[in-house]
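Take a look at the structure below.
Chain letters run A, B, ... following the sequence lines, proteins first and then strands; every chain starts at 1.
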2 protein chains.
Amino acid sequence: MEKQTVDSPLGLAIIGLLSIRPMSGYDLRKIFLTTGMKAFSASPGAIYPALRRLEKDGRIEGTVERKTTLRPRMVFTLSQKGRAAFVESLTRPVKREDVVRRMDNLLLRFSFMSELVGVDKIADFLRAFSTETEGYLRELEAEIREYAPGLSFSGRAALKQGIDSFRANARWARKTLAELKEHHPKKGGKK
Amino acid sequence: MEKQTVDSPLGLAIIGLLSIRPMSGYDLRKIFLTTGMKAFSASPGAIYPALRRLEKDGRIEGTVERKTTLRPRMVFTLSQKGRAAFVESLTRPVKREDVVRRMDNLLLRFSFMSELVGVDKIADFLRAFSTETEGYLRELEAEIREYAPGLSFSGRAALKQGIDSFRANARWARKTLAELKEHHPKKGGKK
DNA sequence: TGCAGCATGTAACCTGTTACATGATTAG
DNA sequence: CTAATCATGTAACAGGTTACATGCTGCA
């Protein structure tokens with residue numbers, strides 16, 4: 001079987017944006033610099049090598065605009081293979097470890113789902129997201145009950161911040177699932 | 001002047017833990033594996049090289065227990081220099097960019113503050129944290145107002161998640177600042 | 001003409017991941 | 001004795017950071 005390509009956060013973000021429309025490296029940079037995707041690196045030293053990796057892997061294709069000059073503008077398009085692999089990666093099961101160590105990756109996956117997978121898959125994602133988040137939340141709550149007395153003021157407060165933050169995520173997932181059901185009632189999704 | 005040492009997340013976590021008590025690499029691993037610090041790498045391939053870097057830099061000192069055997073146990077202690085540098089790094093100003101791209105680093109810094117800096121510095125930190133978080137929150141809110149119509153269901157929901165999450169952080173900071181004032185009333189801290 | 005912004009790239013470096021390897025100690 | 005756990009490490013690789021470099025384009 002094909003080797004399991006685990007995307008870097010930046011690679012995944014690029015693929016996701018290209019799934020919306022073809023773009024150049026510079027277009028991607030601007031998005032990372034100016035929108036809510038500021039968490040990703042906008043440095044050319046990260047973006048251009050990432051694009052070349054994805055191209056070598058056959059998941060995107062670059063075509064040169066403005067051929068005549070020495071400074072061409074390359075526009076990248078998601079290939080069929082790339083789109084298929086991306087859809088597959090979007091629907092991978094949500095594990096506890098993803099919630100604990102790769103929350104950013106989960107949210108990134110979610111943000112591109114509507115256009116590429118059915119409503120039922122989105123609902124599955126949100127349900128697993130809730131389950132795992134709430135599970136980890138219980139671990140953290142047990143931990144604070146057990147260790148709180150031994151911790152310093154700021155140590156304890158930092159732990160509470162973690163709990164608050166996972167709690168906000170769990171709430172978000174439940175609310176979003178409810179909205180999803182409201183806007184796409186009853187019968188299954190498009191895929 | 002000394003070169004500005006920017007710590008890797010793992011390096012900072014290790015220094016912080018060693019500021020509480022001396023430990024071996026294996027002790028650190030266990031903490032990263034079993035406590036709320038799961039977000040850090042517990043792999044030997046990350047921890048042992050990090051310890052060696054910090055030692056070479058003179059910020060920690062390793063002493064061998066159980067000298068006789070081929071598999072020694074090394075216990076690392078924070079040096080005076082290491083402690084001073086750590087305190088300095090804890091009190092560095094909180095910038096907008098820290099909130100946007102290095103939230104984890106900020107929370108890590110905060111978690112070790114009580115034992116090393118005065119109450120007034122902790123309060124400064126929380127105030128700057130609130131200010132910057134709320135500032136970024138307003139940026140995100142402007143963004144969702146402007147772009148929401150053009151976004152897909154999941155794209156919009158992902159943006160909302162970001163807003164929820166920063167909002168939770170802002171609330172946490174204000175609540176924590178209030179608790180701090182309650183428990184350490186009026187007159188300045190120890191440093 | 002000159003400058004700001006468009007657009008792409010490279011090189012050195014740092015750090016983390018994965019996988020592998022090794023020996024020591026202790027409980028059953 | 002032997003398995004689990006303690007304890008430390010290395011090598012190959014991947015990906016991001018910072019700093020630098022270069023050329024094109026439109027406009028004042």
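With rounding to whole Å, B:Lys56 atom NZ is found 13 Å from C:dC13 atom C1'. With rounding to whole Å, B:Arg102 atom CZ is found 14 Å from C:dT15 atom P. The distance between atom CE of A:Met23 and atom P of C:dC6, rounded to the nearest whole Å, is 16 Å. Note: CD1 (B:Ile47) to P (D:dG9) measures 12 Å, nearest angstrom. The CZ-P distance, from B:Phe32 to D:dT8, rounds to 14 Å in whole Å. For the pair B:Leu33 CG and C:dT17 C1', the computed distance is 15 Å after rounding to whole Å. The distance from atom CZ of B:Arg52 to atom P of C:dC14 is 15 Å, rounded to the nearest whole Å. A:Met74 places its CE atom 16 Å from the C1' atom of C:dC6, with the value rounded to the nearest Å.
The residue B:Gly45 sits close to a base: some heavy atom pair falls under 4.0 Å. At a threshold of 4.0 angstrom between heavy atoms, the contacts of B:Ser43 include nucleobase atoms, whether or not backbone atoms are also involved. Residue A:Leu10 is in sugar-phosphate contact alone, with no base atom involved, counting any heavy-atom pair closer than 4.0 Å across all strands shown. As judged by a 4.0 angstrom heavy-atom cut-off over every strand, A:Arg53 is placed among residues touching the sugar-phosphate backbone only.
Using a distance-only test at 3.5 Å, with no hydrogens or angles considered, no donor-acceptor pair links the side chain of B:Ser130 to the main chain of B:Ala173. The closest donor-acceptor contact from the side chain of B:Ser154 to the backbone of A:Phe110 lies under 3.5 Å.
At C:dT8, one or more side-chain N or O atoms of A:Tyr48 fall inside 4.0 Å of OP1 or OP2 (strictly under the cut-off). The shortest distance between the side-chain N/O atoms of A:Tyr26 and the OP1/OP2 oxygens of C:dC6 is below 4.0 Å. Residue A:Arg29 places none of its side-chain N or O atoms closer than 4.0 Å to OP1 or OP2 of C:dT8. For the pair B:Ser8 and C:dG16, the criterion of a side-chain N or O lying under 4.0 Å from OP1 or OP2 is met.
Here D:dT8 is the nucleotide among D:dG16, C:dT17, D:dT8 with the atom lying nearest to any side-chain atom of B:Arg73. Which of C:dT8, C:dT17, C:dG9 sits closest to the side chain of B:Ser41 comes down to C:dT17.
Nearest-nucleotide mapping onto DNA chain D: of B:Pro49 and B:Lys30, the residue sitting toward the 5' end is B:Lys30. Of the two residues near DNA chain D, B:Arg101 and B:Asp27, the one whose nearest nucleotide lies more 5' is B:Asp27.
Using cut-offs of 30° and 60° for the angle between ring planes, the B:Phe153 and A:His183 rings count as perpendicular.
B:Asp7 CG to B:Asn105 CG: the interatomic distance, rounded to the nearest 0.5 Å, is 8.5 Å.
In summary, A:Asp98 and A:Lys95 do not engage in a salt bridge, as defined by a charged side-chain N under 4.0 Å from a carboxylate O.
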